[in-house]
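Comments concern the structure below.
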2 protein chains.
Amino acid sequence: MVAALVGDPARANMLTALMNGRALTASELAQEAGITPQTASSHLSKLEAGGLVEPEKQGRHRYYRLTDDDVAGVLEGLAGLAARTGHMRVRTGPKDPALRRARICYDHLAGDLGVQMLDTMRERNLVRQKKQDIELTTEGERFLAKHLQISSEMLAHPRRPVCKACLDWSERRHHLAGTLGAAMMQRFAELKWAARDATPGSRVVNFTRTGEKQFAALFGNGKD
Amino acid sequence: MVAALVGDPARANMLTALMNGRALTASELAQEAGITPQTASSHLSKLEAGGLVEPEKQGRHRYYRLTDDDVAGVLEGLAGLAARTGHMRVRTGPKDPALRRARICYDHLAGDLGVQMLDTMRERNLVRQKKQDIELTTEGERFLAKHLQISSEMLAHPRRPVCKACLDWSERRHHLAGTLGAAMMQRFAELKWAARDATPGSRVVNFTRTGEKQFAALFGNGKD
DNA sequence: TTCATGCTTCGATGGTAGCCGAAGCATTGT
DNA sequence: ACAATGCTTCGGCTACCATCGAAGCATGAA
């Protein structure tokens, strides 16, 4: 039964931690639930078997997210019922520094702006995303050629895909990787819109004032 | 947590048995869940404390029903999630004789027709029901005077209420009791619309052909 | 290669909650 | 009044399952 899965306090804590749609690593979920990693591992495999969460491997991490909105909906319903009887739970927000906004992930843009960029591109049908697979649309090709002088030929690579969904560390949502992600980040640098921070080892990406404006013009969501 | 309540198999069986909106007695629920009455009693008090079910005392029975549609909705959602992973449950239907249709409950009409009558009266604002309390509206008074020659004065009684919701044994939904329920049943008999079955001890109420028509004209729901 | 990190599997422990038998109330019927 | 029925409470038993320590695999870094 599915309810039994949600019934356990440890698992319930994990699930509510995932309710915002972001993905969390197994160890983070363990900490959220206040249990050791090995216990969390057991819980997570059960949740996965029950179809409530989906794993995504990223390097040596395993990110977990809720399978889909239906799951989130049912969880909200349960929370609603719980709220009526007086019981309630509160969730704490994230607690990260200012590099959440923009940073380098390998060779492409990550952080709030990176996620925002992919969101907008998806919204305007520049790319089509299905799970982890992303493909560039013809509208997307036109857009890139016109505004960023990026042609499809530049993106060809023997082993690396053009587009790839990469899980964002701070936002825990996807941003754009692949040769396109790299090319766009490189272009931003060439155009003096942004540059990696000078301090060695830092992954922060600083946007110039004009760069920020230009970026917002192309990929802004109206919230800045 | 609410989910923990639904998580237990015995409780889940009880809840799914209640999903059709009808009320069941504690012992019936115990049988449904395949446990002894004392275990069921423990489960039911937990479900009640969690706000999932509501009890209603009726003689020496205790009928339980789901508190409201929200609860049913969440349960359906959970069942939906469970269905996706392959697990499913089936429910069996009722198994009663033909006296389900119309019978005497103390001195008023019960059975399918009794429930149908109250439903229709509620629908047409002849009565207003809030939980177990029912009150006659002015429209209801006019209706009774016009079609059944029943006046409010006839219904007055020192200790017995005019209207009362009575839980129907076969339908497990409310029908109309109180002095009004009795007066209406008596009127049906006087009008030769219906009469108690001749065989002694039987609670069956037989409607005449014209009585059936007249009754349907006043309280029919279009399904007959 | 070797080391470190993240996660999983194995084995053992313990607490919790479901379960039933027996007794105790409450309500109804005779 | 007494018995019968329906349900609850109490006490003890048992089984399940969450939990953790330790060891085993992976992946990535040096």
Side-chain angles (χ1 to χ4, degrees), chain A residues 1-15 18 23-50 52-65 104-107 166-167 169 172 177 200-201 203, chain B residues 1-15 18 23-50 52-65 104-107 166-167 169 172 177 200-201 203:
Chain A
M1 196 50 165
V2 185
L5 291 174
V6 194
D8 178 75
R11 287 192 290 258
N13 281 332
M14 294 181 176
L15 290 171
L18 294 172
L24 294 170
T25 69
S27 11
E28 284 170 322
L29 287 170
Q31 190 179 359
E32 281 285 343
I35 54 182
T36 59
Q38 57 271 38
T39 306
S41 178
S42 160
H43 284 311
L44 285 170
S45 29
K46 288 174 188 171
L47 288 176
E48 187 185 345
L52 293 181
V53 301
E54 253 176 9
E56 181 174 339
K57 272 184 74 169
Q58 186 87 354
R60 48 185 165 185
H61 291 277
R62 263 190 100 162
Y63 284 88
Y64 283 92
R65 70 171 74 253
I104 283 289
C105 176
Y106 298 96
D107 55 1
C166 182
L167 204 43
W169 167 63
R172 304 311 158 81
R203 317 184 75 176
Chain B
M1 199 48 166
V2 185
L5 292 174
V6 193
D8 178 76
R11 287 192 291 257
N13 282 332
M14 295 182 176
L15 291 172
L18 293 172
L24 294 170
T25 69
S27 11
E28 284 170 322
L29 288 169
Q31 190 180 359
E32 282 283 345
I35 53 183
T36 59
Q38 56 273 38
T39 305
S41 178
S42 159
H43 284 309
L44 285 170
S45 30
K46 287 173 188 172
L47 288 175
E48 187 185 344
L52 294 181
V53 300
E54 253 176 8
E56 179 174 339
K57 274 185 74 170
Q58 187 87 353
R60 47 185 166 189
H61 291 277
R62 261 189 101 161
Y63 285 88
Y64 283 92
R65 70 173 72 256
I104 283 288
C105 175
Y106 298 95
D107 55 1
C166 183
L167 204 45
W169 167 64
R172 305 311 162 80
R203 318 186 75 176

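Model, not experiment: these values are computed from the prediction. We name chains A, B, ... by the order of the sequence lines, and we start the count at 1 in each one.
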Original post:
Choosing from dA18(D), dT8(C), dT8(D), which nucleotide comes nearest the side chain of Arg62(A)?
Top reply: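 Per side-chain heavy atoms of Arg62(A), the pick is dT8(C).
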Subject >> Closest to side chain of His43(A), choosing from dG6(D), dA18(D), dT8(C) >> reply: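 Of all the options, the side chain of His43(A) is nearest to dA18(D).
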Subject >> CD1 on Ile35(A) to CG on Asp8(A), rounded to 0.5 Å >> reply: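 Taking CG in Asp8(A) and CD1 in Ile35(A), the distance rounds to 8.0 Å.
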[N] [atom2] sits how many Å from [X] [atom1], rounded?
X	N	atom1	atom2	answer
Glu56(B)	dG6(D)	CD	P	18 Å
His61(A)	dA26(D)	NE2	C1'	13 Å
Leu44(B)	dG18(C)	CG	P	12 Å
Ile35(A)	dG21(D)	CD1	P	13 Å
Gln58(B)	dT5(D)	CD	C1'	16 Å

Subject >> Validation row: Val6(B), Val2(A) side chains within 4.5 angstrom (heavy atoms) >> reply: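 Sidechains of Val2(A) and Val6(B): no contact.
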Original post:
With sequence neighbours left out, what residues match Gln38(B) under side-chain contact (heavy atoms from CB on, under 4.5 Å)?
Top reply: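 Per chain and number, Gln38(B) pairs via side-chain contact (heavy atoms from CB on, under 4.5 Å) with Thr36(B).
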Original post:
Ignoring hydrogens and geometry, is there a side-chain-to-backbone donor-acceptor pair from Arg11(B) to Leu5(B) under 3.5 Å?
Top reply: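 Flag set: sc Arg11(B) to bb Leu5(B) pair under 3.5 Å.
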Original post:
Taking for each residue the nucleotide of DNA chain C bearing the nearest heavy atom, is the 5' side occupied by Ala26(A) or by Ser42(B)?
Top reply: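 Taking each residue's closest nucleotide, the earlier one in sequence belongs to Ala26(A).
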Just the atom pairs and distances: protein N or O near nucleotides 23-27 of chain C's N or O, under 3.5 Å.
{"unit_1": "dT27(C)", "atom_1": "OP1", "unit_2": "Lys57(B)", "atom_2": "NZ", "d": "3.3"}

**OP:** Find which nucleotide of DNA chain D each of Asp8(A) and Gln38(A) is nearest to by heavy atoms, and output the residue with the more 5' nucleotide.
**Re:**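 The residue mapped nearer the 5' terminus is Asp8(A).
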**OP:** Determine the contact category for Ala10(A): base if any of its heavy atoms lies under 4.0 Å from a base atom, sugar-phosphate if only primed atoms, P, OP1 or OP2 are that close, otherwise nothing.
**Re:**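 Result for Ala10(A) = sugar-phosphate.
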Subject >> Of Leu29(A), Val53(A), Leu52(A), the residue whose pairing with Met14(A) passes side chain to side chain contact (heavy atoms under 4.5 Å, CB included) >> reply: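 When side chain to side chain contact (heavy atoms under 4.5 Å, CB included) is applied between Met14(A) and each of Leu29(A), Val53(A), Leu52(A), only Leu29(A) qualifies.
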Please produce a list of atom pairs where a protein N or O lies less than 3.5 Å from an N or O of nucleotides 11-15 of chain D.
none

